[in-house]
Novice: 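Can you keep this structure in mind? I'll have questions shortly.
Residues: numbered from 1 along the sequence shown.
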Amino acid sequence: QVQLVESGGGLVQAGGSLRLSCAASGRTFSRYTMGWFRQAPGKEREFVAAISWSDGRTYNLDSVKGRFTISRDNAKNTVYLQMNSLTPEDTAVYYCAAGRRQYGAVGTTGADFGSWGQGTQVTVSS
């Protein structure tokens with residue numbers, strides 16, 4: 001397993017941008033599919049985006065397509081979530097996750113990921 005630490009959350013006005021970072025420990029980061037999930041108050045955790053370890057394939061939640069971009073830098077053991085055009089509905093705790101997946105697979109459920117960070121709060125004001 002890897003240890004994950006998120007950063008970059010905060011308070012932003014609607015229409016603004018934030019970039020979340022997730023730093024991973026361990027030497028095998030490049031072999032992990034990485035994902036971002038979020039959980040708003042009173043709601044279940046939901047998948048946001050994921051990027052495969054093998055070919056950089058990505059997959060996003062429909063409601064964030066065109067606004068959020070997931071990327072990774074294997075040399076820095078870090079995955080990013082660039083969030084643009086934020087709305088109050090994006091307010092949540094955002095969690096980074098890592099999972100071992102087959103070649104080309106990204107994973108979109110919590111069960112696809114075995115390691116989780118502690119979360120970072122994102123608050124979007126209207």
Novice: On the ring face of Y59, is K65 found with NZ or CZ under 6.0 Å from the centre and within 45° of the axis?
Specialist: yes
Novice: How many angstroms lie between atom CG of L81 and atom SG of C22, to the nearest 0.5 angstrom?
Specialist: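 Separation between the atoms: 10.5 Å.
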Novice: Regarding T78 and D73, do their side chains bring together a donor and an acceptor under 3.5 Å, going by distance alone?
Specialist: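 On atom types as modelled, these side chains do not qualify, holding no pair under 3.5 Å.
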Novice: Show me the pairs that pass ring pair (Phe, Tyr, Trp, His ring centres under 6.0 Å) and involve residues 68-94, at least two apart or across chains.
Specialist: none
Novice: Are a donor atom and an acceptor atom from the side chains of T123 and Q121 found within less than 3.5 Å of each other?
Specialist: yes
Novice: Between E6 and S21, is any pair of side-chain heavy atoms under 4.5 Å apart?
Specialist: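 The answer is no, as the side chains (C-beta and beyond) never meet within the 4.5 Å cut-off.
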Novice: Between F29 and W53, is the side-chain contact (heavy atoms from CB on, under 4.5 Å) condition met? List the steps.
Specialist: CA-CA 8 Å; F29 172 79; W53 65 269; over 6 Å; no
Novice: Just do the side-chain contact (heavy atoms from CB on, under 4.5 Å) check on L18 and L86 with the steps written out, would you?
Specialist: CA-CA 8 Å; L18 283 175; L86 285 161; 4.2 Å; yes
Novice: Please find the pair of heavy atoms, one from A14 and one from P88, that lie closest to each other, and give the distance.
Specialist: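 Shortest heavy-atom contact: CB-CD, 4.2 Å.
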Novice: Ignoring hydrogens, what is the shortest heavy-atom contact between C96 and L4? Give both atom names and the distance.
Specialist: O-CD1, 3.7 Å
Novice: Taking all non-hydrogen atoms of both residues, which atom of S52 and which atom of T33 are closest, and how far apart?
Specialist: CA-OG1, 3.6 Å
Novice: Indicate yes or no: at least one non-hydrogen side-chain atom of W36 is less than 4.5 angstrom from one of M83.
Specialist: no
Novice: With a 4.5 Å heavy-atom cut-off, do V79 and S71 have their side chains touching?
Specialist: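 No, too far: nothing below the 4.5 Å cut-off.
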Novice: What is the minimum heavy-atom distance between V2 and S25, and which atoms define it?
Specialist: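 Heavy atoms of V2 and S25 come nearest at CG1-O, 3.5 Å.
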Novice: Using the ring of Y32 (Phe, Tyr or Trp, six-membered ring only), decide whether R72 places NZ or CZ under 6.0 Å from its centre and within 45 degrees of its axis.
Specialist: no
Novice: Could you report the tightest heavy-atom contact between S85 and S17, atom names first, then the distance?
Specialist: N-OG, 4.3 Å
Novice: Heavy-atom count around E44 CD within 6.0 Å, excluding the residue itself: above 12?
Specialist: no
Novice: Looking only at non-hydrogen atoms, find the nearest pair between I51 and V106 and report the distance.
Specialist: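 Smallest heavy-atom distance, with atoms named: C-CG1, 4.3 Å.
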Novice: Starting at CE of M34, measure out to OG of S115 and round the result to the nearest 0.5 Å.
Specialist: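 Nearest 0.5 Å value for the CE-OG distance: 8.5 Å.
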Novice: Within this structure, what is the CG-OG1 distance for the pair N84 and T69, rounded to the nearest 0.5 Å?
Specialist: 6.5 Å
Novice: How many angstroms lie between atom CZ of R38 and atom OG1 of T120, to the nearest 0.5 angstrom?
Specialist: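 Atom-to-atom, R38:CZ and T120:OG1 are 14.0 Å apart.
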Novice: Is V48 linked to W116 within one hydrophobic cluster, defined over Ile, Leu, Val, Met, Phe, Trp and Tyr using a side-chain heavy-atom separation of less than 4.5 Å?
Specialist: no
Novice: Atom OG1 of T91 and atom CD of E89: how far apart are they, to the nearest 0.5 Å?
Specialist: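 With rounding to 0.5 Å, OG1 (T91) is 8.0 Å from CD (E89).
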Novice: Just verifying a value: how many Å separate I70 CD1 and Q82 CD, rounded to the nearest 0.5 Å?
Specialist: 12.5 Å
Novice: Determine the sole option in D90, L20, L11 for which the side chain to side chain contact (heavy atoms under 4.5 Å, CB included) test with V122 is passed.
Specialist: L20
Novice: Assess the pair F37 and F47: is the distance between their ring centroids shorter than 6.0 Å?
Specialist: yes
Novice: Starting from F113, can I reach V93 by hopping between I/L/V/M/F/W/Y residues whose side chains sit under 4.5 Å apart?
Specialist: yes
